[in-house]
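These notes concern the structure reproduced below.
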Amino acid sequence: LPHYGFSMRPLDATPGNETVVALMSFLPASDGFAPNLNVNIQPYAGTIADYAKLSQTQFTAAGMTILAEKQIGDTEWQCEYEGRMPAGALRFYARAIRSKGRVYLVTASALQSQWPKLGPTLREHADSL
């Protein structure tokens with residue numbers, strides 16, 4: 001992380017049968033919220049289409065609105081969505097990639113007011129997974 005002035009070796013462990021938060025990274029906070037990117041590794045035996053349907057149901061139950069989504073091949077689903085959380089009105093970009101009985105889910109989050117400026121950077125970094 002050259003802009004922060006340090007580097008360090010990441011923790012690296014073999015995921016088990018539980019969901020693992022493998023990475024969390026934050027940009028400097030503004031308006032009381034730090035835009036962020038996180039990677040979760042989830043055991044999942046179903047198809048990516050099934051994962052997308054499950055996620056859509058969960059988003060609806062949480063009061064989220066899906067803005068755009070697409071499935072890429074048999075292994076990837078991308079989704080942009082927004083909704084209110086305790087932190088405020090948020091915008092999200094997520095990529096779910098299925099591999100070897102797991103889903104690698106990268107999610108970028110920012111306030112809707114931060115998204116026009118920071119969304120492209122968050123998206124670029126999420127797409128690097």
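One-based numbering along the sequence shown.
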Contact list for residues 2-35, test ring-ring contact (aromatic ring centres under 6.0 Å, His included), sequence neighbours left out
none

From [atom1] ([X]) to [atom2] ([Y]), nearest 0.5 Å:
{"X": "Arg95", "Y": "Thr107", "atom1": "CZ", "atom2": "OG1", "answer": "11.0 Å"}
{"X": "Ser99", "Y": "Ile41", "atom1": "OG", "atom2": "CD1", "answer": "10.5 Å"}
{"X": "Leu27", "Y": "Leu37", "atom1": "CG", "atom2": "CG", "answer": "8.5 Å"}
{"X": "Ser113", "Y": "Leu118", "atom1": "OG", "atom2": "CG", "answer": "9.5 Å"}
{"X": "Thr75", "Y": "Ile97", "atom1": "OG1", "atom2": "CD1", "answer": "7.5 Å"}
{"X": "Leu122", "Y": "Asn36", "atom1": "CG", "atom2": "CG", "answer": "8.0 Å"}

So which of Val106, Leu105, Val20 actually passes side chain to side chain contact (heavy atoms under 4.5 Å, CB included) with Val39?
Val106

Can you list, pair by pair, the side-chain donor-acceptor contacts under 3.5 Å of residues 63-73, counting residues two or more places apart and other chains?
| from | atom 1 | to | atom 2 | distance (Å) |
| --- | --- | --- | --- | --- |
| Glu69 | OE1 | Gln56 | NE2 | 2.5 |
| Glu69 | OE1 | Trp77 | NE1 | 2.9 |
| Glu69 | OE2 | Gln56 | NE2 | 3.1 |
| Gln71 | NE2 | Gly73 | O | 2.9 |

Following the transitive rule for hydrophobic clusters with a side-chain heavy-atom cut-off under 4.5 Å over Ile, Leu, Val, Met, Phe, Trp and Tyr, establish whether Trp115 and Phe59 coincide in one cluster.
no

Locate the shortest heavy-atom distance separating [X] from [Y]; write the atom from each residue and the value.
{"X": "Arg84", "Y": "Ala89", "result": "NH1-CB, 3.3 Å"}
{"X": "Pro35", "Y": "Ala110", "result": "CB-CB, 4.0 Å"}
{"X": "Glu80", "Y": "Arg123", "result": "OE2-NH1, 2.9 Å"}

With Asp127, which residues qualify under side-chain hydrogen bond (donor to acceptor under 3.5 Å, both in side chains), at least two apart?
Tyr93

For Gln78, which residues count as a side-chain hydrogen bond (donor to acceptor under 3.5 Å, both in side chains) partner, sequence neighbours excluded?
Glu76

Quick note, side chain to side chain donor-acceptor pair (under 3.5 Å) partners involving residues 37-47, not counting sequence neighbours, are Asn38-Asn40, Gln42-Tyr51, Thr47-Asp50

Within residues 9-30 or reaching into it, pairs that qualify as side chain to side chain donor-acceptor pair (under 3.5 Å) - sequence neighbours excluded:
Ser30-Gln114

Non-hydrogen side-chain atoms of Leu90 and Leu111 separated by less than 4.5 Å:
yes

Is a side-chain donor or acceptor of Arg98 paired with a backbone partner of Gly46 at a separation under 3.5 angstrom?
yes

